[in-house]
Amino acid sequence: MEITFINPGVDYMIQYIMESQPEGESEFWSEPLYRFYPQLDKAYAASLPFVERKKYIEQTMRAVYAELEDEINEKVILYSRYWKACKSQITAALSEAFGIDCEKLFNDLRCNVSMNPISPRFLQERCYETFYLNSERGAIGVGIHEIIHFLWFYVWNRLFGDSYEEYERPSLKWILSEMVVESVMRDERLSSINPYFPREEGGCVYPYFFNMMTDGKPILDTLDAMYRSLSIEDFMRNSYTYCQQHETEIREHIRKAEG
């Protein structure tokens, strides 16, 4: 595996910042922008018609980028150096987790270091984002999370032969992929270099999964027990069947959590 860290430029950043700001979007996704950028007046933005609000956010964030460009470029260098120091142990751990030789896979991953606090991934483009305010350890922790997704769906696709279009929010396949990250991350070779692990440090999955209950117990505990006792292929089959059986309550929990 190899990751190339880059500054994708202000136009790219604004494009994907705005994807978390559509009309009617839940605050779970839209609010972080205002939390990290006090330059944006949330009350004022909310008072504007959508077209004007979009223009206001874009103009403000262009001005912010002008102030941050040098820092973002420095982070690109910092993250690249730390990745090279950690790459071998990450590769070894994930090769074992997924039963494949990861050293020969995904040597063209790209990480866009961005102002966007919501960090999307693009599976088929082999690209993901990381927030520039991360430390070098934080950036690698985020990177491990995203690499797990790339490998999960690489193995998943070979197993099920379905479409990559089914792997994104809000599909059940996407939900499952987000939950299983914690189990894979428990490997000491991964958890030891991820400052967001364990849960007490913020966690490496969406926090609303921590108190999601099925069959009277936390769903993450149920999935973790499966992960530890099964091959990766059997785990994929069994965990997805389990989520299908509990899809209504899973989605209701997420709906309430995201508001």
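- Going from atom CZ of Phe150 over to atom NE2 of His145 covers 10.5 Å, rounded to the nearest 0.5 Å.
- With Tyr56 contributing its side chain and Leu48 its backbone, the two residues share no donor-acceptor pair below 3.5 Å.
- Taking 4.0 Å as the cut-off between side-chain N and carboxylate O, Arg186 and Glu182 count as a salt-bridged pair.
- In summary, Lys55 and Glu58 do not engage in a salt bridge, as defined by a charged side-chain N under 4.0 Å from a carboxylate O.
- Atom CZ in Arg189 sits 8.5 Å away from atom CG in Leu94 (nearest 0.5 Å).
- In this structure, Ile17 and Gln21 approach most closely via the heavy-atom pair O-CG, 3.5 Å.
- Of the charged side-chain nitrogens involved, none lies within less than 4.0 Å of a carboxylate oxygen, so that Arg110 and Glu125 do not count as a salt-bridged pair.
- With Asp108 contributing its side chain and Glu2 its backbone, the two residues share no donor-acceptor pair below 3.5 Å.
- Between Lys173 and Asp162 the shortest side-chain heavy-atom distance falls below 4.5 Å.
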Worksheet item: Should Tyr206 and Glu258 be marked as a side-chain hydrogen bond (donor to acceptor under 3.5 Å, both in side chains) after you check the CA-CA gap, both sets of side-chain angles, and the distance that decides it?
Response: CA-CA 10 Å; Tyr206 291 118; Glu258 291 188 353; over 6 Å; no
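- With contacts defined as side-chain heavy-atom distances shorter than 4.5 Å, the pair Thr222/Tyr242 qualifies.
- In this structure, the separation between CD on Glu146 and OG on Ser119 is 7.5 Å, given to the nearest 0.5 Å.
- Looking only at distances, a side-chain donor or acceptor of Ser171 sits under 3.5 Å from a matching main-chain atom of Glu166.
- Salt-bridge check for Arg53 with Glu23: passed, with a basic side-chain N closer than 4.0 Å to an acidic carboxylate O.
- Side-chain atoms of Tyr79 come within 3.5 Å of backbone N or O of Asn134 as a donor-acceptor pair.
- Between Met236 and Met226 there is no side-chain heavy-atom pair separated by less than 4.5 Å.
- Two residues are said to be in side-chain contact when any heavy atoms from C-beta on lie closer than 4.5 Å; Asn7 and Tyr65 meet this criterion.
- Side-chain contact between Ile118 and Phe131 is absent, with no heavy atoms from C-beta onward closer than 4.5 Å.
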Fill in: Verdict with reasoning, Tyr154 to Phe98, per ring-ring contact (aromatic ring centres under 6.0 Å, His included)
CA-CA 10 Å; Tyr154 174 81; Phe98 288 97; 9.4 Å; no
Practice prompt. Step by step, work out the side-chain hydrogen bond (donor to acceptor under 3.5 Å, both in side chains) result for His246 and Asp215.
Written response: CA-CA 9 Å; His246 295 276; Asp215 293 329; 3.3 Å; yes
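- In this structure, Ile144 and Ile193 have side chains that are in contact, with non-hydrogen atoms separated by less than 4.5 Å.
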Practice prompt. Kindly determine whether Tyr16 and Asn112 satisfy side-chain hydrogen bond (donor to acceptor under 3.5 Å, both in side chains), including the steps that lead there.
Written response: CA-CA 11 Å; Tyr16 288 104; Asn112 292 317; over 6 Å; no
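- Here the side chains of Ile254 and Met212 are in contact, with some heavy-atom distance below 4.5 Å.
- Taking the six-membered ring where the residue is Trp, Phe153 and His149 present parallel rings, their angle staying beneath 30° rather than reaching 60°.
- Between Ala257 and Tyr208, the closest heavy-atom pair is CB-CB, 3.4 Å.
- Taken to the nearest 0.5 Å, the SG atom of Cys204 stands 9.5 Å off from the CG atom of Leu190.
- When atom types are taken as modelled, the side chain of Arg251 and the backbone of Pro170 share a donor-acceptor pair closer than 3.5 angstrom.
- Remark: the backbone N or O of Cys102 is paired with a side-chain donor or acceptor of Ser95 at under 3.5 angstrom.
- Taking every heavy atom of both residues into account, Ser192 and Arg137 meet most closely at O-NH2, 3.3 Å.
- Between the side chains of Tyr12 and Glu129, a donor-acceptor pair is found at a separation under 3.5 Å.
- Counting only heavy atoms from C-beta outward, the side chains of Trp83 and Ile140 approach each other to under 4.5 Å.
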